[in-house]
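Contents: one structure, followed by commentary.
Since the model is a prediction, treat every value here as computed from it, not as a measurement.
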Amino acid sequence: MLKRFFKDLKRYKNYVFYATGSELKADVAGSFLSWIWWILDPLLYMMVYSFVAAIVFKSGTPAFPVFVFIGINCWQFFNKTVKSSVRLVSAKKGIVTKIYVPKHVFILEKMGINGFKMLISFAITAVFMIAYQVPVTINILMLIPLLLILFIVTFAVSIIMMHFGVFIEDLSNVVTVVLQLGFYLSGIFYSIDGKLGGRLLGQILIYGNPVALVMSDMRYAMMGEKLGYGEFHFLALGIWAVIGLLVSWIGIRVIYKFENSYVKII
């Protein structure tokens, strides 16, 4: 099964690159601001959350815009990919009903689109780090494995949601509500370690939510000295990486088994 998966990746990689580029162009084709919106979108989100947390709730987190930006970058990638995956097969009906394309390729396409936007957001984050004089340390290298774990977990959740989304009509509504709850529990504009680090609830929110875990460790990697606390959760990250790979493997097997029946349903 894995041999077939990697064979399909090699065979359809050009499709993924072409489809990703085409959708990115279509995304801004009707926009007056064109590609500038890719910069303004996360920037406006950061301004809103910074205002709410810093002004309304009196957050005293150092370099708070950087803190918020890191959280937004992680969450938006996960949120947009998972949410779109639920109806992904139906959205690609024109392709699915005419030619054979491994269905997990559609998820990789969405991850490519949202990953590209996330990289732009991280470039903006770097600008804010310079503006707020956030020191860069050797810990910054941890971004590579952290992003890899985020990709693995996102793919794992998305491929499961894509399969069940074909058969369960209302799943998108449930996923939207769950993701909204996840947004508030992931510490986008507050630090779980700082607020609830010593409590059982804080441990559950960090270790039970891989996105919150990656987000927390990314903040420590990029601005640990500014925050003055935190550490890498190496064991928990490793466990979630293994879980993500296992769920991905299960999802791939399920997709290959049932993908021929999708055409009859959509």
| query | Which heavy atom in Ala221 sits nearest to a heavy atom in Met142, and how many Å separate them? | reply | CB-CB, 4.2 Å
| message | One pair to check against side-chain contact (heavy atoms from CB on, under 4.5 Å): Ile206 and Ser216. What are the steps and the verdict? | response | CA-CA 8 Å; Ile206 283 287; Ser216 175; 3.9 Å; yes
| field | Side-chain (Ser84) to main-chain (Thr81) donor-acceptor, under 3.5 angstrom | value | yes
| said: Quick one, Leu88 and Lys110 - any side-chain contact, counting heavy atoms below 4.5 Å? | reply: yes
| According to a 4.5 Å side-chain heavy-atom criterion applied to Ile, Leu, Val, Met, Phe, Trp and Tyr, with indirect links allowed, do Val214 and Ile239 form part of one hydrophobic cluster? | yes
| said: Can you confirm whether more than 12 heavy atoms, excluding those of Arg11, are under 6.0 Å from its CZ atom? | reply: no
| query | Which pair of heavy atoms, one from Gly251 and one from Ile160, lies closest together, and at what distance? | reply | CA-CD1, 3.8 Å
| Polar side-chain atom of Asn79 near backbone of Trp75 as donor-acceptor pair, under 3.5 Å | no
| Between NZ on residue Lys257 and NE2 on residue His163, distance to nearest 0.5 Å | 9.0 Å
| request: Apply side-chain contact (heavy atoms from CB on, under 4.5 Å) to Val175 and Met161, showing your working. | output: CA-CA 9 Å; Val175 170; Met161 291 300 103; 3.7 Å; yes
| Note, Ile252 side chain near Tyr256 side chain (heavy atom, < 4.5 Å) | yes
| task | Check whether any side-chain heavy atom of Val177 lies under 4.5 Å from a side-chain heavy atom of Leu181, and answer yes or no. | result | no
| Should the heavy atoms of other residues, nucleotides or ligands under 6.0 Å from CD1 of Ile138 be counted, would the total exceed 12? | no
| task | Answer with yes or no whether the hydrophobic clustering places Trp249 together with Met111; edges join I, L, V, M, F, W, Y residues whose side-chain heavy atoms lie under 4.5 Å apart. | result | yes
| query | Are the side chain of Thr176 and the backbone N or O of Ser172 linked by a donor-acceptor pair below 3.5 Å? | reply | yes
| task | To the nearest 0.5 Å, tell me how far Asn209 CG sits from Met215 CE. | result | 7.5 Å
| message | If I take atom CD from residue Glu169 and atom CD1 from residue Ile265, how far apart are they, to the nearest 0.5 angstrom? | response | 11.0 Å
| message | Quick check: closest heavy atoms across Ile152 and Ser248, and the distance to 0.1 Å? | response | O-OG, 3.8 Å
| request: Please report the closest heavy-atom contact between Ile188 and Phe67, naming both atoms and the distance. | output: O-CE2, 4.1 Å
| request: Show your reasoning for whether side-chain contact (heavy atoms from CB on, under 4.5 Å) applies to Thr20 and Phe116. | output: CA-CA 9 Å; Thr20 298; Phe116 177 79; 5.7 Å; no
| request: Report yes or no: does Ser261 contribute a side-chain atom to a donor-acceptor pair with the main-chain N or O of Phe258 at less than 3.5 Å? | output: yes
| said: Under the side-chain contact (heavy atoms from CB on, under 4.5 Å) test against Leu237, which residue among Asp217, Val242, Leu148 passes? | reply: Asp217
| Among all residues two or more places apart in sequence or in another chain, which pass the ring-ring contact (aromatic ring centres under 6.0 Å, His included) test with Phe155? | none
| request: Would you indicate whether the side-chain heavy atoms of Phe69 and Ile124 approach each other to under 4.5 Å? | output: yes
| query | Less than 4.5 Å apart, any side-chain heavy atom of Val96 and any of Val263? | reply | yes
| request: Identify, with sequence neighbours excluded, every residue that meets ring-ring contact (aromatic ring centres under 6.0 Å, His included) alongside Phe164. | output: none
| Going by the ring pair (Phe, Tyr, Trp, His ring centres under 6.0 Å) test, which pairs reach into residues 2-21, not counting sequence neighbours? | Phe5-His104
| field | Side-chain touch Phe151/Thr154, heavy atoms, less than 4.5 angstrom | value | no
| So which heavy atom on Trp240 is nearest to which on Gly208, and how close? | CZ2-O, 3.7 Å
| Minimal non-hydrogen separation, Val134 against Ala63, with atom names | CG2-CB, 3.9 Å
| task | For the pair Phe167 and Tyr262, name the ring-plane relationship: parallel under 30°, tilted 30 to 60°, perpendicular over 60°. | result | perpendicular
| Side chain proximity check, Val89 to Met162, heavy atoms < 4.5 angstrom | yes
| message | Between Lys103 and Val101 (side chain of the first, backbone of the second, donor and acceptor by atom type, cut-off under 3.5 Å), is there such a pair? | response | yes
| field | ILVMFWY cluster, Phe234 and Ile140 together (side-chain gap under 4.5 Å) | value | yes
| field | Nearest-0.5 Å distance that lies between atom CG in Leu143 and atom CD1 in Ile70 | value | 8.0 Å
| said: Classify the ring geometry of His233 against Tyr207: parallel below 30°, tilted from 30° to 60°, perpendicular beyond 60°. | reply: perpendicular
| message | Are the side chains of Lys13 and Leu108 in contact, using a 4.5 Å heavy-atom criterion? | response | no
| query | If you round to the nearest 0.5 Å, how far is CG of Leu150 from CE of Met218? | reply | 5.5 Å
| If you round to the nearest 0.5 Å, how far is CG of Asn114 from CD of Glu109? | 10.5 Å
| said: With a 6.0 Å cut-off on the ring centroids, do Phe189 and Phe64 count as close? | reply: no
| said: Taking Leu246 as the starting point, is it possible to reach Val254 by hopping between hydrophobic residues whose side chains are less than 4.5 Å apart? | reply: yes
